[in-house]
Amino acid sequence: MTSSSAPGKIILFGEHAVVYGRPALAVPVTQVQATATVSENSRGGVWIEAPNINLSSAISQLAPEHPLVAVINSVFTTLGIARPPACTVYLQSTIPVASGLGSGAAVSVAILRALSAYLGRPLTDAQVNGLAFQAEKLYHGTPSGIDNTVVTYARPVYFVKGQPIKTFRVGASFTLVIGDTGISAPTKESVGALRSLREADPTRWEKIFSQVGEIVWDARQAIERGDTPALGELMDANHALLQEMTVSCTELDTLTEAARKAGALGAKLSGSGRGGNMIALVLKEKAPAMAETLLAAGAKRTIITTVRAR
Ligand code: PMV
């Protein structure tokens with residue numbers, strides 16, 4: 001039996017513009033995890049058991065483009081295994097789905113690592129990242145690749161689509177409260193909506209994406225020098241541009257406003273928007289009170305996470 005876990009992730013800055021070549025910053029969220037466990041079975045064939053999504057099936061009974069099946073098959077293909085041994089891939093996850101916490105990428109990475117280790121030929125990080133990206137395309141259409149990168153390497157990432165992974169220094173630890181609207185919002189839809197807007201007026205949208213790119217660059221520098229107040233202001237500015245991109249919603253705006261009124265240094269939606277999560281930057285000792293504020297303002301759950309100086 002082999003087992004592997006992968007963390008969730010949260011985008012700090014630059015979502016959506018990252019699809020159009022601008023940088024983005026993201027960090028792992030280790031409070032939530034996806035775990036894959038692979039064990040021998042006696043019923044024959046390769047099975048998936050995923051109680052969270054009520055799935056229990058031989059992969060031969062599912063469509064080959066089912067993302068979980070595709071991930072499993074990609075391991076066999078990469079390792080050149082034509083006749084896989086009878087085994088069961090058991091999945092557990094505490095990462096809410098379709099909420100911007102990288103659940104799809106974490107499940108893919110956990111499967112890729114657990115299954116390749118079970119077969120005695122563990123994949124490299126670069127292979128895991130590449131195969132998880134293929135699966136992200138099945139989940140999200142035209143993803144930038146940020147989710148699979150942060151989840152695979154489990155460290156803060158300054159991400160530019162198509163470029164090798166770059167990490168960054170965190171000058172001073174900072175604390176975020178993540179507030180979940182409880183609204184499940186498929187990434188594919190908001191990315192697609194923005195794509196249509198951009199096609200209708202590329203000049204306008206490229207300018208906005210470049211403004212986001214500058215915020216991301218400034219934010220990276222603020223994080224490196226440990227300037228938390230500047231980081232908060234940049235979060236507010238990024239949220240305003242995301243509103244302009246039509247990817248916020250009433251619930252996200254209510255939560256970000258409530259956070260600012262309660263003393264957050266900054267707040268913004270995180271991920272694809274139109275639901276999913278927002279983040280509020282707070283002093284560590286104020287995080288529990290901020291979590292209460294967000295719950296009172298309608299958040300369905302909160303997670304407190306500290307990005308440690310490194
Ligand atoms: O998967 P989410 O909700 O964290 O958002 C993905 C971030 C986007 O920039 C909107 C899309 C992408 O592929 O980068």
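Just follow the structure's listing: the first ligand is 1, and inside any ligand the first atom is 1.
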| Does even one non-hydrogen atom of K9 get within less than 4.0 Å of ligand 1? |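 Contact present.
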| query | Does E15 reach ligand 1 with a nitrogen or oxygen that is under 3.5 Å from one of the ligand's nitrogen or oxygen atoms? | reply |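 Not met; the criterion fails.
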| query | Testing T181, T246, T187 for side chain to side chain donor-acceptor pair (under 3.5 Å) with R274, which one passes? | reply |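 With R274 as partner, T181, T246, T187 yield a single side chain to side chain donor-acceptor pair (under 3.5 Å), made by T246.
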Within the 4.0 Å heavy-atom shell around [X], which atoms of ligand 1 are there?
| X | value |
| --- | --- |
| T187 | 1 (O), 2 (P), 3 (O), 6 (C) |
| P143 | 13 (O) |
| G100 | 2 (P), 3 (O), 4 (O) |
| I146 | 14 (O) |
| V18 | 9 (O), 14 (O) |
| S272 | 2 (P), 3 (O), 5 (O), 10 (C) |

| query | How are the rings of F209 and Y20 set relative to one another: parallel (under 30°), tilted (30 to 60°) or perpendicular (over 60°)? | reply |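 F209 vs Y20 ring planes: parallel.
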| query | Using heavy atoms and a threshold below 4.0 Å, how should the contact between V19 and ligand 1 be classified: side chain, backbone, both, or neither? | reply |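 Side chain only.
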| query | Between Q31 and T305, do the side chains contain an N or O donor and an N or O acceptor separated by less than 3.5 Å? | reply |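 Indeed, the side chains of Q31 and T305 share at least one donor-acceptor pair under 3.5 Å.
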| said: Distance alone, cut at 3.5 Å: any donor-acceptor contact between the side chains of D125 and T152? | reply: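 D125 vs T152: no donor-acceptor pair found between side chains.
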Side-chain ([X]) to main-chain ([Y]) donor-acceptor, under 3.5 angstrom:
| X | Y | answer |
| --- | --- | --- |
| D253 | S248 | no |
| S144 | V18 | no |
| K161 | V19 | yes |

Would you mind checking which non-hydrogen protein atom is closest to [atom], with the distance to 0.1 Å?
| atom | result |
| --- | --- |
| atom 7 (C) of ligand 1 | I11 CD1, 3.5 Å |
| atom 1 (O) of ligand 1 | D147 OD2, 3.2 Å |
| atom 8 (C) of ligand 1 | H16 N, 3.9 Å |

| Heavy atoms only: which of S144, G271, G145 is nearest to atom 14 (O) of ligand 1? |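 It is S144 whose heavy atom sits nearest to atom 14 (O) of ligand 1.
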| E285 atom CD, neighbour heavy-atom count above 12 within 6.0 Å |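 Yes, because the 6.0 Å sphere around CD of E285 holds more than 12 heavy atoms from other groups.
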| query | Going hydrophobic residue to hydrophobic residue with side-chain gaps under 4.5 angstrom, can you get from V29 over to V282? | reply |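 Both belong to a single hydrophobic cluster.
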